[in-house]
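One structure is given here, and the rest of the page talks about it.
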Amino acid sequence: HFGVWPDAYYMSINQFDQDSFDWAGAGAVAFEREQMLQGLPARMVYFSLFDVNPAFGGQLPADLDGAVPPEGAPGLFLEADDDAFGFPTDQLAGWEFDVDWTDPTASTFGNAGNPNWTLETAAFDMDMCGFSRSCIPQPDTGVGLDTISDRLMHRVQYRNFGDHQSLVLNHTVDADGNDHAGIRWYELRSTDGGAVWDVEQQGTYAPDAENRWMGSAAMDVSGNIAVGYSVASATTYPSIRVAGRLQGEPPGELP
């Protein structure tokens, strides 16, 4: 997936070996945006994280809406980590991609490839149907639908409100331990120019027996949040719905 940022177009990759198709780890790329916008030859900077930690994967780059981030702000990549994958806790991990187009070899990604920061979250379970590709039931067929519940869902949206910066993101979770899909969503916030991020609010949206998965969350210039998602069950044909919240409503809810 791609993210638009002032100094680059950023891309996250889930990599696989070209011969064996075995998992080959997460990758991160920066493309030289200024040159590309002029139709000129452009460079790229690439990092592979498999040798750092093969458990890293499913990352997304932050994607800018509205006012630009503070000058020189690095590109941001985020990942949701289930403690069942060997991480110390259920968490969100963040990497800073500091690309240097004057000397691309001086570019850095994270702390030698490890996250610059992690945020412990409310507990979640990414395991839907043992990660089977046939999980969510639908009417009139014995074929289930894939939840892709082991990664963040596109996109990680960024907004700069002046006195704070916000990131909005989501992923699919087992809402009750019975392979019942729900949307776990977050707003992260920084009040110091991006040096420190905290979880401002979070919630799991699963208000009834329907399965909700493969969401996409965004915040408007007023701080209102909408989350679109797929929905289905044994009695509901696959559909698209949206839930939302107005700025100032109780945190962690999509009323």
- Got a sec, which residues hit side-chain contact (heavy atoms from CB on, under 4.5 Å) with Ala123, two or more places apart in sequence or on another chain? Asp90

- Query: Are Val29 and Tyr9 side-chain neighbours, meaning at least one heavy-atom pair lies under 4.5 Å?
  - Reply: no

- Message: Using the ring centroid of each side chain, check whether Phe31 and Tyr10 are separated by less than 6.0 Å.
- Response: no

- Task: Decide whether Arg159 and Ser166 meet the rule of one side-chain donor and one side-chain acceptor closer than 3.5 Å.
- Result: no

- Message: Is the shortest side-chain heavy-atom distance between Asp198 and Leu188 below 4.5 Å?
- Response: no

- Message: Quick one: does any side-chain atom of Ser149 pair with a main-chain N or O of Met126 as donor and acceptor, under 3.5 Å?
- Response: yes

- Please collect all salt bridge (charged side-chain N to carboxylate O under 4.0 Å, His left out) contacts where either partner lies in residues 4-30, sequence neighbours excluded, each pair once. none

- Can you sort out the partners of Arg151 under side-chain contact (heavy atoms from CB on, under 4.5 Å), two or more places apart, ordered by chain and number? Asn14, Ile148, Met153

- Message: Before we go on, tell me: are the rings of Trp23 and Phe50 under 6.0 Å apart, centre to centre?
- Response: no

- Can you tell me if Gln91 and Thr121 form a side-chain donor-acceptor pair at under 3.5 Å? no

- Ring geometry between Phe109 and Phe47 (parallel below 30°, tilted from 30 to 60°, perpendicular above 60°): parallel

- Check Ile225, Val168, Leu169 against Trp185 for a side-chain contact (heavy atoms from CB on, under 4.5 Å) and give me the one that passes. Ile225

- Check: Asn111 side chain, Asn114 main-chain N or O, donor-acceptor pair, under 3.5 Å: no

- Ignoring hydrogens and angles, tell me if any N or O in the side chain of Gln202 forms a donor-acceptor pair with the backbone of Ala122 under 3.5 Å. yes

- Does Trp95 reach the side chain of Leu49, with side-chain heavy atoms less than 4.5 Å apart? yes

- Message: On a heavy-atom basis, which atom in Trp5 and which in Ala73 lie closest, and how many Å separate them?
- Response: NE1-O, 3.1 Å

- Task: Can you label the angle between the His1 ring and the His154 ring as parallel, tilted or perpendicular, going by 30° and 60°?
- Result: parallel

- Query: Should the heavy atoms of other residues, nucleotides or ligands under 6.0 Å from CD of Gln38 be counted, would the total exceed 12?
  - Reply: yes

- Query: Is the backbone N or O of Val196 less than 3.5 Å from a side-chain atom of Asp192, with the two atoms forming a donor-acceptor pair by type?
  - Reply: yes

- For Gln35, does the CD atom sit with more than 12 other heavy atoms under 6.0 Å from it, leaving out its own atoms? yes

- Message: Could you check whether any side-chain N or O of Gln15 sits under 3.5 Å from a backbone N or O of Ala26, counting only pairs where one atom can act as donor and the other as acceptor?
- Response: yes

- May I ask you to check whether over 12 heavy atoms, not counting those of Arg133, lie within 6.0 Å of atom CZ? no

- Donor-acceptor under 3.5 Å (Trp213 side chain, Asp146 main chain): yes

- Task: Determine whether the aromatic ring centres of Phe21 and Phe16 lie less than 6.0 Å apart.
- Result: no

- Message: Under a 3.5 Å threshold, yes or no: a donor from one side chain and an acceptor from the other, between Tyr237 and Asp140?
- Response: yes

- Message: Would you call the rings of Phe56 and Phe87 parallel, tilted or perpendicular, taking 30° and 60° as the class edges?
- Response: parallel

- Message: In the structure I gave you, are the side-chain heavy atoms of Gln157 and Met219 within less than 4.5 Å of one another anywhere?
- Response: yes

- If you measure from OG on Ser233 to CG on Asp208, what distance do you get to the nearest 0.5 Å? 8.5 Å

- Task: Using the test side-chain contact (heavy atoms from CB on, under 4.5 Å), find all partners of Asp174 that sit at least two apart in sequence or belong to another chain.
- Result: Asp125, Met128, Asp176, Asp179, His180

- Query: Got Ser12 and Phe2 here, is their nearest side-chain heavy-atom distance under 4.5 Å?
  - Reply: no

- Query: How far apart are the closest heavy atoms of Asp220 and Phe161, and which atoms are they?
  - Reply: O-CZ, 3.7 Å

- Any donor and acceptor pair, going by atom type alone, linking the side chain of Ser134 with main-chain N or O of Val143 inside 3.5 Å? no

Show every donor-acceptor pair shorter than 3.5 Å between a side-chain atom in residues 248-255 and any protein atom, with sequence neighbours excluded, or say none if there are none.
from, atom 1, to, atom 2, distance (Å)
Glu249, OE1, Leu246, N, 2.8

- Without swapping roles, check the side chain of Glu32 against the backbone of Met44 for a donor-acceptor pair under 3.5 Å. no

- Task: Decide, yes or no, whether a salt bridge links Arg189 with Glu187 under the criterion of side-chain N to carboxylate O below 4.0 Å.
- Result: yes

- For Ala226, check side-chain contact (heavy atoms from CB on, under 4.5 Å) against everything at least two apart and list the hits. Val242

- Task: Grab the two heavy atoms, one from Ala217 and one from Asn170, that are nearest each other, plus how far apart they are.
- Result: N-ND2, 3.7 Å

- Side-chain (Gln165) to main-chain (Thr191) donor-acceptor, under 3.5 angstrom: no

- Could you state the interatomic distance from CG (Leu76) to CG (Leu64), rounded to the nearest 0.5 Å? 11.0 Å

- Task: Report yes or no: do Tyr186 and Gln201 form a side-chain donor-acceptor pair below 3.5 Å?
- Result: no

- Message: Under 3.5 Å, is there a donor on one side chain and an acceptor on the other for Asn224 and Gln247?
- Response: no

- Message: I'd like to know whether CD1 of Ile240 has more than 12 heavy-atom contacts from other residues, nucleotides or ligands below 6.0 angstrom.
- Response: no

